[in-house]
Amino acid sequence: MKVKGNFKQVYQFKITLRGIRPPIWRRVQVPETYTFWDLHVAIQDAMGWTDTHLHMFRIADPRTGLETTIEIPDEDFDSTTETLFGREERIIDWFSPKSRSADYIYDFGDNWGHKVELEKILPKEEGVKYPICIAGRRACPPEDCGGDYGY
């Protein structure tokens, strides 16, 4: 993935797959310039998903506190809620020390839920190629296995 624009800071997230024990998780660092689409791709790569299904983020709007859905709309999927376009919404506008978490749902059939938690905002390190997965535990379940119940 090509990094968009110059950046000085990176956002460190811990992504934990919900409903699985012991936990499956990854720790990733991404440029502050990332959109939610870019964060989606970084999560796909870190978790080992194949990006063959729809996804969405649910996050509290830092201005209003209301839950907001951010996704890439699909004309074949009828959404009943208003959503924001993930390629336009930047993570820097949504995540901060006061607004630290979001839900990421991948594959609406298997309904893989992930907790996305901002751990730190760090200075960019010279010589590091971002995004980067710096830690994690356990292998990701295979695609289309029936969600946490089927796994």
Side-chain angles (χ1 to χ4, degrees), residues 1-4 7 9-62 65-74 77 79-81 83-87 89-125 127-151:
M1 172 187 301
K2 184 177 180 183
V3 175
K4 297 176 180 179
F7 62 97
Q9 295 181 312
V10 294
Y11 280 49
Q12 180 172 299
F13 292 100
K14 183 176 183 184
I15 297 105
T16 306
L17 193 56
R18 294 185 185 273
I20 304 291
R21 295 286 174 251
I24 297 171
W25 61 271
R26 304 290 184 269
R27 182 166 287 123
V28 299
Q29 293 178 343
V30 302
E32 65 188 337
T33 54
Y34 264 26
T35 65
F36 277 84
W37 169 258
D38 299 319
L39 179 57
H40 155 74
V41 173
I43 293 170
Q44 288 287 303
D45 290 345
M47 294 301 287
W49 298 120
T50 61
D51 197 12
T52 53
H53 300 282
L54 297 175
H55 73 278
M56 76 170 81
F57 290 88
R58 288 192 182 125
I59 187 169
D61 186 321
L66 298 175
E67 183 177 271
T68 303
T69 300
I70 301 174
E71 64 184 336
I72 305 300
D74 184 276
F77 184 77
S79 178
T80 58
T81 60
T83 63
L84 298 176
F85 191 48
R87 291 184 198 262
E89 298 298 322
R90 299 176 327 139
I91 63 171
I92 195 171
D93 297 327
W94 292 85
F95 288 101
S96 71
K98 292 183 179 180
S99 179
R100 294 188 160 284
S101 68
D103 289 319
Y104 169 75
I105 297 92
Y106 173 64
D107 184 350
F108 299 163
D110 281 1
N111 198 36
W112 291 111
H114 304 70
K115 179 180 180 182
V116 178
E117 184 177 10
L118 176 66
E119 292 185 317
K120 301 175 185 178
I121 301 173
L122 303 162
K124 171 185 171 182
E125 287 187 43
V128 175
K129 185 177 178 184
Y130 297 99
I132 186 170
C133 181
I134 61 170
R137 293 286 184 264
R138 301 189 63 227
C140 190
E143 297 276 346
D144 301 317
C145 71
D148 56 354
Y149 179 77
Y151 180 66

Would a distance-only check, ignoring hydrogens and angles, find a side-chain to backbone donor-acceptor pair under 3.5 Å from Arg90 to Thr33? no
Do you know which two heavy atoms are closest between Gly113 and Leu17, and how far apart they sit? O-CD1, 3.5 Å
Would you find a donor on one side and an acceptor on the other, under 3.5 Å apart, between the side chain of Glu32 and the backbone of Gln9? yes
Can you say whether the rings of Phe13 and Phe95 are parallel (under 30°), tilted (30 to 60°) or perpendicular (over 60°)? perpendicular
Taking Ser99 for the side chain and Pro62 for the main chain, is one N or O donor matched with an acceptor at less than 3.5 Å? no
Interatomic distance, CD1@Ile105 vs CZ@Arg18, rounded to 0.5 Å, equals 8.5 Å
Using side-chain contact (heavy atoms from CB on, under 4.5 Å) as the criterion, list what pairs up with Pro97, not counting sequence neighbours. Arg100, Ile121
Side-chain contact test, heavy atoms from C-beta onward, threshold under 4.5 Å: evaluate it for Trp94 versus Leu84 and give yes or no. yes
Short question: side chain of Asn111, backbone of Phe108 - any donor-acceptor pair under 3.5 Å? no
Shortest non-hydrogen contact between Asp148 and Gly19, atoms and distance: OD2-CA, 3.6 Å
Please round to the nearest 0.5 Å and tell me the distance separating atom CD1 of Ile92 and atom CD of Glu89. 13.0 Å
Does a side-chain heavy-atom distance below 4.5 Å link Tyr34 with Tyr130? no
Whether Tyr106 side chain and Thr52 backbone form a donor-acceptor pair below 3.5 Å: yes
Hey, what's the ring geometry for Trp112 with Trp49, parallel, tilted or perpendicular (30° and 60° as the breaks)? tilted
Quick one, His53 with Asp110, criterion side-chain hydrogen bond (donor to acceptor under 3.5 Å, both in side chains). Give me CA distance, side-chain angles, the key distance, then yes/no. CA-CA 10 Å; His53 300 282; Asp110 281 1; over 6 Å; no
For Asp103 and Val116, indicate whether the former's side chain and the latter's backbone hold a donor-acceptor pair under 3.5 Å. no
In terms of heavy-atom contacts, Val30 and Ala42 come closest through CG1-CB, 4.0 Å
For Arg137, I'd like to know if atom CZ has over 12 heavy atoms of other residues, nucleotides or ligands within 6.0 Å. no
In terms of relative ring orientation, are His40 and Tyr104 parallel, tilted or perpendicular, with 30° and 60° separating the classes? tilted
Heavy-atom donor-acceptor pair, Thr68 side chain to Leu66 backbone, under 3.5 Å: yes
Main-chain N/O of Thr35 paired to Arg87 side chain as donor or acceptor, under 3.5 Å: no
For Arg27, the option from Thr16, Ile134, Ile132, Ile15 that meets side chain to side chain contact (heavy atoms under 4.5 Å, CB included): Ile134
Thr50/Glu143 under side-chain hydrogen bond (donor to acceptor under 3.5 Å, both in side chains): CA gap, chis, key distance, verdict: CA-CA 8 Å; Thr50 61; Glu143 297 276 346; 3.1 Å; yes
Under the criterion side chain to side chain contact (heavy atoms under 4.5 Å, CB included), which of Thr83, Ile43, Thr69 is the partner of Phe57? Ile43
Side-chain heavy-atom pair Cys133, Val28 within 4.5 angstrom cut-off: yes
Within 45° of the ring axis of Tyr11 and under 6.0 Å from its six-membered ring centre, is that where the NZ or CZ of Lys120 lies? no
Quick one: are Gln12 and Leu122 in side-chain contact, heavy atoms under 4.5 Å? yes
Does His114 reach the side chain of Trp25, with side-chain heavy atoms less than 4.5 Å apart? no
Could you give me the CA-CA distance, side-chain angles and deciding distance for Asp107 and Asp144, then say whether side chain to side chain contact (heavy atoms under 4.5 Å, CB included) is met? CA-CA 8 Å; Asp107 184 350; Asp144 301 317; 3.6 Å; yes
If you round to the nearest 0.5 Å, how far is CG of Leu118 from NZ of Lys98? 14.0 Å
Quick one: closest heavy-atom pair of Phe36 and Ile91, and the distance? CE1-CA, 4.1 Å
Exercise: identify the closest heavy-atom pair between Gln44 and Asp51: OE1-N, 2.6 Å
